[in-house]
Undergrad: 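Shown below is the structure under consideration.
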Amino acid sequence: MKNEKTLVMIKPDGIQRSLMGEIIKRFERVGLKMVAAKMIVPTTEQIEKHYTLDPEWRRVTGEKTIKGYKDKGLEPPSEDPLEITAIILKNLKNYMSSGPVLAMIWQGVHSVKIVRKLVGGTEPFTSDVGTIRGDYVIDSYQLSDQDNRSIRNLVHASGSVEEANMEIEHWFKPEEIIDYRVVQEQVLYDPTVSGK
Ligand code: GDP
Ligand code: MG
């Protein structure tokens with residue numbers, strides 16, 4: 001449990017906006033530990049695989065997007081979830097392979113959910129103030145759909161432990177993940193530390 005790992009990727013817009021330090025700082029200061037990192041320019045094949053590691057992703061994301069349009073009283077571009085996801089995936093491949101990204105693994109108790117909480121909701125326009133997506137960027141689905149591109153939301157973070165395990169295997173070799181201790185782990189996790 002204390003070793004739960006999650007995959008985080010600072011997307012090309014995060015790198016171009018010089019926000020690597022700000023983003024990393026938020027994970028560090030909460031007490032998570034970085035156990036792997038590398039900067040790469042992903043291929044479109046790597047991006048397609050990343051988003052479709054979960055065989056349900058195309059259907060679920062398509063359905064979610066259609067519901068998003070309808071909730072706002074808007075007509076979705078298609079009623080077919082897979083047609084919607086094909087457009088989303090095409091745009092994601094362009095966006096995510098447009099320049100370097102920083103792939104990282106962050107470790108610590110509840111790391112998957114803690115990181116998602118710090119990252120905030122997918123759409124920066126509606127993500128909470130205090131989250132990375134809420135604090136550092138202003139993009140909306142309305143604007144990105146109008147311009148036929150991906151939403152620019154600075155960072156990817158795994159949505160579940162299962163997703164994290166698949167994504168870590170996709171982006172990192174086991175020998176790239178470093179097993180080490182930092183002194184603060186004793187204060188965070190050691191049951192014998194009483195504070196006396
Ligand atoms: P995340 O885990 O918060 O990044 O969100 P998801 O895994 O649900 O979606 C992955 C990506 O699909 C997002 O980063 C967006 O680029 C895209 N996406 C998801 N939902 C929508 C939507 O409702 N509309 C549009 N245009 N794109 C979406
Ligand atoms: Mg996701």
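Numbering of ligands and ligand atoms starts at 1, following listing order.
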Undergrad: Show the atoms of ligand 1 that are less than 4.0 angstrom away from any heavy atom in N153.
TA: 14 (O)

Undergrad: Which atoms of ligand 1 are found less than 4.0 Å from any heavy atom of K11?
TA: 14 (O)

Undergrad: Report whether L7 and V30 are members of the same hydrophobic cluster (ILVMFWY, side-chain heavy atoms less than 4.5 Å apart, transitive linking).
TA: no

Undergrad: Considering only heavy atoms, does H156 approach ligand 1 within less than 4.0 Å through its side chain, its backbone, both, or neither?
TA: neither

Undergrad: Can you report which non-hydrogen protein atom sits closest to atom 2 (O) of ligand 1, along with the distance?
TA: R116 NH1, 2.9 Å

Undergrad: Answer with yes or no whether E123 contacts ligand 1, where contact means a heavy atom under 4.0 Å from a ligand atom.
TA: no

Undergrad: So, Y136 versus E22: side-chain donor-acceptor pair below 3.5 Å or not?
TA: yes

Undergrad: For H156 and Y51, take the angle between the two ring planes, folded into 0 to 90°, and tell me which bin it lands in: parallel under 30, tilted 30 to 60, perpendicular over 60.
TA: perpendicular

Undergrad: So which heavy atom in the protein is nearest atom 13 (C) of ligand 1, and how far is it from that ligand atom?
TA: T122 CG2, 3.7 Å

Undergrad: Under a 3.5 Å distance rule, please check whether T52 uses its side chain to pair with a backbone N or O of E48 as donor and acceptor.
TA: yes

Undergrad: Surrounding CD of E176 (heavy atoms of other residues, nucleotides or ligands, distance under 6.0 Å), is the total greater than 12?
TA: yes

Undergrad: Checking side-chain polar atoms at under 3.5 Å, does D190 have a donor or acceptor matched by the opposite partner on T192?
TA: yes

Undergrad: Hey, is E163 touching ligand 1 through its side chain, its backbone, both or neither, going by heavy atoms under 4.0 Å?
TA: neither

Undergrad: From the options Y95, Y69, W57, Y141, select the one whose nearest heavy atom is closest to atom 7 (O) of ligand 1.
TA: W57

Undergrad: So which protein heavy atom does atom 15 (C) of ligand 1 come closest to, and at what separation?
TA: I151 CG2, 3.6 Å

Undergrad: Report the part of R133 in contact with ligand 1, treating N, CA, C, O as backbone and CB onward as side chain, heavy atoms under 4.0 Å; options are side chain, backbone, both, neither.
TA: side chain

Undergrad: Identify the closest protein heavy atom to atom 10 (C) of ligand 1: which residue and atom is it, and at what distance?
TA: Y51 CE2, 3.9 Å

Undergrad: Would you check if the side chain of R133 reaches a backbone N or O of V155 as a donor-acceptor pair within less than 3.5 Å?
TA: yes

Undergrad: With no hydrogens and no angle check, is any side-chain donor or acceptor of D135 less than 3.5 Å from a backbone partner on V129?
TA: no

Undergrad: At a non-hydrogen distance cut-off of under 4.0 Å, which region of I88 contacts ligand 1 (side chain, backbone, both, or neither)?
TA: side chain

Undergrad: Among all protein heavy atoms, pick the one closest to atom 26 (N) of ligand 1 and tell me residue, atom and distance.
TA: D145 OD1, 3.0 Å

Undergrad: How close does the nearest protein non-hydrogen atom get to atom 8 (O) of ligand 1, and which residue and atom is it?
TA: K64 NZ, 2.6 Å

Undergrad: With respect to atom 11 (C) of ligand 1, which of L92, V119, N148 exhibits the smallest heavy-atom separation?
TA: L92

Undergrad: Less than 4.0 Å between a side-chain N and a carboxylate O, is that true for K70 and E79?
TA: yes

Undergrad: Are the side chain of E167 and the backbone of A164 linked by a donor-acceptor contact shorter than 3.5 Å?
TA: no

